[in-house]
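Below is one structure, written out as structure tokens; the observations come after it.
Chain identifiers are assigned alphabetically (A, B, ...) following the order of the sequence lines, protein sequences preceding nucleic acid strands; residue numbering begins at 1 within each chain.
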Amino acid sequence: MSDGRFDRFVGVGLGIDVHNEQPDWRAILGSDLPVDFFEVYTRGTLAAAHEVAAAAAAAGDLPLLYHDDALDPIRPEGLIAADLEAARVNMAAVAAPWCVSELATRRIGDRYLDFFMPILLTEEAADAAAENMRLIEAALPGRIVAENPPYLLPVGPLHILEVLARVTERAGCDCVLDTGHLYSFQICRGLDPLAGVDAFPLERVVELHVAGAEVEDEGGVALYHDSHGAAEIPPVLLEMLAEIAPRCPNLRAVTIEVEDANLERCARQLEQTREAVAGLLAARPSDRSD
Amino acid sequence: MGLADQMRHTEELMRRPGQLGALVSAGGDDGAVLATIDAGRLAAVAANHARHVVDRWWGRRFSGTTRALDAVARELVASDRFCEAVGEDVTAAAIVHATLDRLDADEELAAARVWLPELLAWEYLLAVGLPRRAASEAIDEAVEARVLEGRGSLLTGGRLARPVGVLSIRWPLGDLQDDPALEVEPLDEPETRVFFMAEAVPGEVAPVLEVGAADQLADAVSLLAAGASDATLGEAFGEDAAEAASFLRAHGLIAG
Ligand SMILES: [Fe+2]
């Protein structure tokens, strides 16, 4: 399937929640910040998706990706039809080639959780998620792409990269590697930031994420808080990005998740992230503006 | 058994980390998966999680109560009350029942028994009872009856255009809310306070207004809730009735 303008490496974009006051995505569109695409997070009303699509088209036809946090694709009970339908219409509205869904859930049975539960680290969990990813893809107007979720408490014997590899293989889908989420897992297990990357099928990675975060000490235990735009990007994540990005032959997009950031922080994080992947940006075909 | 159970247990462990040993020793596939959990990390994550939940669910609406009984609030996430809560405990059923149950049962909290129920009732009225009624949102009658019992009431209907709360106050609640560890003296005399939502301004959240030293006003409000006419008010209070009625009318609280 063609990914349209994402058929090759597009560059560095911003993940924005269209319902947040910050950052003001309209102001970003009107600015000269070097943003190559938006990854749109929306929920509820379809109007917001249409609005951002129209504004992006007006602002030099900025390409869009779509991120959906409501699909809960790891539930063994299966998917919820209304959530699938919402994802379908939102994704169509922004005309994204793929939809990013984290391997996590906010629901167990009928109960809403107070935290985002990441996929259990077992083969059974990977297989259940893979089955759901296949069903999601069948319902969407484009591809589904699996993202590794953040961890505070790993449950199960496998490494998250082993689970992600199994999901992508079984579902036949590509993936997003979120560097912060990966780092959160490595902290839990006391591993190096890049542990497991060498054995991972990096040809599956179409998108990389970086985001602001804070590491809190709770009684001597390090807890990674994935704060996105509410914090600065830890330097280790930029090092991970610089290391991993050139090794992903099918990389199309590097997304900075900046929800809640002000414009000044967006500008700073764009500069830091572009610096980390400067080689890839420079190697883009010359018909692209930078 | 299997994945669904393992996920359910993981959720439960976030709230009840002490269950880990029992779940692991139950054995089987589930026990083997849960045995991969680092107990020290679980304790830290659960403590952190409980604090965040307390902050988000009750921190703004029940700041004094949760500060006074910080440990109780954090243990609340492990209770059945927590699982039964509506949304983020929008009706305050979990926090009210848990706080009052604990106050009754725990001798170490004997000193707080005299003032904490009053602080809880006050915070309930301001953050739940009045605003939820004003927005026509469901309230939990049993919770409201328990939290206001012997301290006040929430009046509606009759000639009242909007709900009005009445509380008999014996403690300096504002000071206790700011610092529950404070050694405070009770007020010299109990004071009747009347509470109601200000008239709504489009696009703004109406604040709750609180009127002190309001015995007469409270009496007028309860007569109006029973449908009393202006003449009845006049018979009850003489000239003061006119003053109370004009105050209530100025705030749009009298219908008809
Ligand atoms: Fe991400």
Side-chain angles (χ1 to χ4, degrees), chain A residues 72-78 103-132 150-160 163 184-185 187-191 214-227, chain B residues 1-17 19-20 23-24 28-59 73-74 76-80 82-90 94:
Chain A
D72 296 341
I74 66 165
R75 283 161 36 99
E77 304 93 326
L103 296 176
T105 184
R106 286 191 197 285
R107 260 175 303 208
I108 289 191
D110 294 336
R111 208 172 129 63
Y112 266 92
L113 305 180
D114 290 284
F115 61 100
F116 207 26
M117 181 188 285
I119 187 168
L120 266 57
L121 300 152
T122 66
E123 290 181 355
E124 186 187 2
D127 294 349
E131 173 62 14
N132 284 335
Y151 280 87
L152 288 170
L153 185 73
V155 179
L158 300 179
H159 190 287
I160 178 56
V163 170
S184 75
F185 179 87
I187 287 179
C188 293
R189 289 272 178 89
L191 298 170
E214 280 158 322
V215 180
E216 182 184 4
D217 182 304
E218 175 84 41
V221 175
L223 303 182
Y224 185 95
H225 293 296
D226 192 29
S227 322
Chain B
M1 303 303 268
L3 178 58
D5 284 316
Q6 291 157 18
M7 289 173 70
R8 202 169 42 72
H9 288 318
T10 301
E11 188 278 329
E12 188 185 355
L13 285 169
M14 289 285 284
R15 298 182 291 106
R16 298 171 179 160
Q19 302 284 314
L20 180 61
L23 288 169
V24 168
D29 288 352
D30 295 352
V33 168
L34 298 174
T36 62
I37 294 176
D38 175 332
R41 173 163 283 276
L42 172 61
V45 170
N48 194 264
H49 177 60
R51 269 208 318 278
H52 283 288
V53 171
V54 169
D55 253 22
R56 203 174 63 243
W57 283 34
W58 303 294
R74 278 183 279 129
L76 189 47
V77 302
S79 73
D80 290 340
F82 180 81
C83 299
E84 293 156 12
V86 179
E88 294 187 350
D89 198 25
V90 292

**Spacing of B:N48 atom CG and A:F115 atom CZ [to the nearest 0.5 Å]** = 12.5 Å

**Asked** Can you tell which of A:A125, A:G219, A:G156 has the highest number of heavy-atom pairs within less than 4.5 Å of chain B?
**Response** A:G156

**Prompt:** Given that the side chain runs from C-beta out, which part of B:V53 has a heavy atom under 4.5 Å from chain A: side chain, backbone, both or neither?
**Reply:** side chain

**Request:** Kindly check if the number of other-residue, nucleotide or ligand heavy atoms within 6.0 Å of CG (B:D55) is above 12?
**Result:** yes

**Asked** Is any side-chain heavy atom of B:M14 less than 4.5 Å from a side-chain heavy atom of A:L153?
**Response** yes

**Message:** What part of A:R189 gets within 4.5 angstrom of chain B, counting heavy atoms only: side chain, backbone, both, or neither?
**Reply:** neither

**Item:** A:V221 to B:A44 - nearest heavy-atom pair and separation
**Value:** CB-CB, 3.6 Å

**Item:** N/O donor-acceptor pair under 3.5 Å between B:R41 side chain and A:A222 backbone
**Value:** yes

**Complete:** Given A:C188, A:P154, A:G109, the one with more heavy-atom pairs under 4.5 angstrom with chain B than any other is A:C188

**Prompt:** Considering only heavy atoms, which portion of A:E216 lies under 4.5 Å from any heavy atom of chain B: side chain, backbone, both, or neither?
**Reply:** side chain

**side-chain contact (heavy atoms from CB on, under 4.5 Å) evaluation trace for A:I74 with B:M7** = CA-CA 10 Å; A:I74 66 165; B:M7 289 173 70; 3.9 Å; yes

**Message:** Please classify the contact between A:L121 and chain B as side chain, backbone, both or neither, with a heavy-atom cut-off of under 4.5 Å.
**Reply:** neither

**Request:** Work out which heavy atom in B:L3 is nearest to a heavy atom in A:A128; give both atom names and the distance.
**Result:** CD2-CB, 3.6 Å

**Pairwise side-chain hydrogen bond (donor to acceptor under 3.5 Å, both in side chains) hits with a residue in residues 112-123 of chain A, at least two apart** = A:R107-A:Y112, A:D114-B:R56, A:D114-B:W57

**Item:** Nearest-0.5 Å distance, CG of residue B:L34 to CG of residue A:L120
**Value:** 8.0 Å

**Request:** Against chain B, label A:I119 side chain, backbone, both or neither, depending on which of its atoms sit under 4.5 Å from a heavy atom there.
**Result:** neither

**Prompt:** Can you list the steps and then say if A:L152 with B:H49 is a side-chain contact (heavy atoms from CB on, under 4.5 Å)?
**Reply:** CA-CA 10 Å; A:L152 288 170; B:H49 177 60; over 6 Å; no

